[in-house]
Amino acid sequence: MTPKQAKAFRRKLLAWYRKHRRDLPWRAMNGRPVNPYHVLLSEAMLQQTQVATVVPYFHRFVEAFPTVQTLAEADEQQVLTLWQGLGYYRRARNLHAAAKAVIADHGGHVPAAVNDLLKLPGVGRYTAGAIASIAHGTKAAVVDGNVERVFARLMLIEKPINTPATKKMVWSIAEELVPKSSPGDYNQALMELGATICTPKPPKCFVCPVREHCRAVQETNPERLPIKLAKKKPKEVTHLVIAANRNGKYLFEQRPSEGLWSNMWQLPTWEEPPPEVITSIQNSESSRRVTTRGVSNDTVKVSRPPRGNAAAASAVLIEWFQSRFGLRLEQPTPTTDFTHQTTHRTIRFVALTASVKSGRLRLKTGVWRKLNQFEDLPMSNPQRQTMQHIRVQADSP
DNA sequence: AAGCCGGGGGG
DNA sequence: CCCCCAGGCTT
């Protein structure tokens with residue numbers, strides 16, 4: 001793109017944006033000024049997450065934590081609880097730590113320089129550029145999934161987009177094109193174009209404000225760009241969830257601070273138990289659900305005699321629970337069974353209910369809660385789904 | 001360079 | 001069922 005073409009491209013893009021941009025709560029709109037804290041908050045939430053999903057979470061966060069200071073002083077459990085359901089829970093802890101750093105190292109002001117922003121936890125090259133340009137008008141480029149797609153089509157980039165070399169090229173294009181005046185609007189325009197017009201499939205080229213600048217729409221089918229290398233299929237695993245109740249209260253444990261659902265709470269869960277335990281739990285199922293066809297959606301319970309190895313599997317489960325928690329279970333009974341999909345795992349959740357016969361809990365992070373009394377514990381969606389099932393079952397025995 | 005980290009929207 | 005999303009971090 002020649003300098004003259006670049007100028008025309010930016011002008012058309014910005015004109016389109018100023019006419020069509022969405023009224024998002026963290027944006028400066030009709031008189032409302034930008035709030036750098038709001039930009040930091042929104043960018044943390046927007047990582048790998050669509051705008052529509054983020055909006056309600058953003059409102060709840062601003063209400064609970066109106067300023068960086070209030071967020072910095074908040075309890076991590078409270079931050080995680082507000083974040084629950086949004087996914088990538090590390091982001092919530094990074095955001096919390098970033099708020100603390102803004103208070104400690106920047107006098108409570110979100111930095112305007114990319115190099116300062118990059119030092120904040122959870123802030124990478126994209127997020128630093130976004131906050132710098134949108135919140136402070138710093139001349140900085142951004143490259144996200146939208147920008148990659150837009151430039152892959154505009155510049156006819158046919159090499160796989162998800163390699164370091166190609167990403168580096170897209171970044172240099174972005175750096176070269178970003179204007180020194182209104183870089184924030186320009187960056188948001190680029191992303192909004194990708195989100196609403198230059199969509200993966202099918203792109204709405206017929207209403208695109210910059211189609212004259214697009215090589216793909218003139219030389220090929222834009223829909224096949226950008227080209228991505230195939231990713232591997234998800235691994236299939238099973239998580240065995242045990243709802244262990246004693247005197248009407250259920251045991252909850254906190255997950256480790258690293259890995260999947262870090263620091264979130266859950267019913268005691270055996271990840272990837274021996275296969276024979278899973279199969280025998282299935283066989284031992286004392287009831288199965290049969291959906292009737294026709295008018296009613298009622299489920300009918302059908303009693304079945306337990307199979308031979310059920311008792312043995314039960315023993316293995318009870319032994320595992322005993323060794324892990326120091327508690328003796330009684331009559332583990334299958335309760336619910338469903339599949340949960342994440343990006344790189346297909347997790348089958350098998351839940352059992354059991355009562356605690358004896359023993360003394362030997363777990364630092366364990367807590368006992370009633371069925372309607374765990375809302376302050378941040379939990380993953382599948383764990384909450386399991387809890388929901390147990391509550392419904394308890395309400396209608 | 002590749003793997004890991006969630007959950008939902010939309011075709 | 002699939003792909004994708006205002007990515008960052010670790011190995």
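Side chains are part of it too, since the values below use all heavy atoms of this structure and drop only hydrogens, waters and symmetry mates. Proteins come first, then strands; the chains are lettered A, B, ... in the order of their sequence lines, and each starts at number 1.
More than 12 heavy-atom neighbours from other residues, nucleotides or ligands sit within 6.0 angstrom of CZ on A/Arg32.
Using a cutoff of 4.0 Å between basic side-chain nitrogens and carboxylate oxygens, A/Glu375 and A/Arg391 are scored as salt-bridged.
Pairing each heavy atom of A/Tyr37 with each of A/Pro66, the nearest pair is CE2-O, 3.5 Å.
A/Val147 comes within 4.0 angstrom of no nucleic acid atom, judged by non-hydrogen atoms across all strands. If you check every strand for non-hydrogen atoms under 4.0 Å, A/Arg27 touches a base. A/Thr127 comes within contact range of the sugar-phosphate backbone alone, with a heavy-atom separation under 4.0 Å but no base atom that close. A/Gly85 comes within 4.0 angstrom of the backbone, heavy atoms only, and of no base. Contacts of A/Leu118 with the nucleic acid, taken as non-hydrogen atoms under 4.0 Å apart, are absent.
Relative ring orientation between A/Trp83 and A/Phe61 is described as perpendicular, the plane-to-plane angle rising above 60° on a 0-90° scale split at 30° and 60°. Using bins of under 30°, 30° to 60° and over 60° for the plane-to-plane angle, the ring pair A/Phe151/A/Phe9 lands in the tilted bin.
If you check C/dA6, C/dG7, B/dC4 against the side chain of A/Arg345, the one that comes closest is B/dC4. Minimum atom distance to the side chain of A/Lys232 is reached by B/dG3, of the listed B/dG6, C/dC4, B/dG3. Among the nucleotides C/dG8, C/dA6, C/dC4, the one closest to any side-chain atom of A/Pro200 is C/dC4. The side chain of A/Tyr88 lies closest to B/dG6 when the candidates are B/dC4, B/dG6, C/dA6. Closest contact between the side chain of A/Pro382 and the listed nucleotides B/dC4, B/dG7, B/dG6 involves B/dG7. If you check C/dA6, B/dG7, C/dG7 against the side chain of A/Asn381, the one that comes closest is B/dG7.
A straight line from OH of A/Tyr126 to P of C/dA6 spans 9 Å, rounded to a whole angstrom. A/Asn94 places its CG atom 6 Å from the P atom of C/dC9, with the value rounded to the nearest Å. Across the protein-nucleic acid pair, A/His340 atom NE2 and B/dC5 atom P stand 12 Å apart, rounded to whole Å. For the pair A/Glu258 CD and B/dG6 C1', the interatomic distance rounds to 17 Å; values are reported in whole Å. Rounded to an integer number of Å, the gap from NZ of A/Lys201 to C1' of C/dC2 is 7 Å. When the P atom of C/dA6 is taken as reference, atom CZ of A/Phe58 falls 16 Å away, rounded to whole Å. Rounded to whole angstrom, the span from the OH atom of A/Tyr57 across to the C1' atom of C/dA6 amounts to 18 Å. When the P atom of B/dG6 is taken as reference, atom CD of A/Gln266 falls 12 Å away, rounded to whole Å.
A close approach under 4.0 Å does not occur between any side-chain nitrogen or oxygen of A/Arg91 and OP1 or OP2 of C/dC9. For B/dG6, neither phosphate oxygen OP1 nor OP2 lies less than 4.0 angstrom from any side-chain nitrogen or oxygen of A/Trp83. At B/dA1, none of the side-chain N or O atoms of A/Thr163 fall inside 4.0 Å of OP1 or OP2 (strictly under the cut-off). For A/His344 and B/dC5, the shortest distance from a side-chain N or O to OP1 or OP2 is below 4.0 Å. Proximity of A/Lys228 to the phosphate of C/dC5: a side-chain N or O atom is located under 4.0 Å from OP1 or OP2. Between A/Lys231 and C/dC4, a side-chain N or O to OP1/OP2 separation shorter than 4.0 Å is present.
B/dG10 and C/dA6 have their P atoms separated by 11 Å, given to the nearest Å.
Nearest-nucleotide mapping onto DNA chain B: of A/Asn162 and A/Gly259, the residue sitting toward the 5' end is A/Asn162. Each of A/Arg90 and A/Glu43 was assigned the nucleotide of DNA chain C with the nearest heavy atom; the assignment lying further toward the 5' end belongs to A/Glu43. Looking at which nucleotide of DNA chain B each of A/Pro202 and A/Trp261 is closest to, the 5′-most match is held by A/Trp261.
Pairs passing the side-chain hydrogen bond (donor to acceptor under 3.5 Å, both in side chains) check and including a residue from residues 191-207 of chain A, sequence neighbours excluded, read A/Arg22-A/Glu192, A/Arg27-A/Glu192.
Within a heavy-atom distance below 4.0 Å of DNA chain B, the residues of residues 47-56 of chain A found are A/Gln48, A/Thr49, A/Gln50.
With hydrogens and angles left out, the side-chain atoms of A/Asn94 and A/Arg91 include no donor and acceptor closer than 3.5 Å. Between the side chains of A/Thr2 and A/Gln5, at least one donor N or O lies within less than 3.5 Å of an accepting N or O. Between the side chains of A/Ser380 and A/Arg255, not a single donor N or O lies within less than 3.5 Å of an accepting N or O.
B/dG6 is unpaired under the Watson-Crick or G-U wobble criterion, no partner having all donor-acceptor distances under 3.5 Å.
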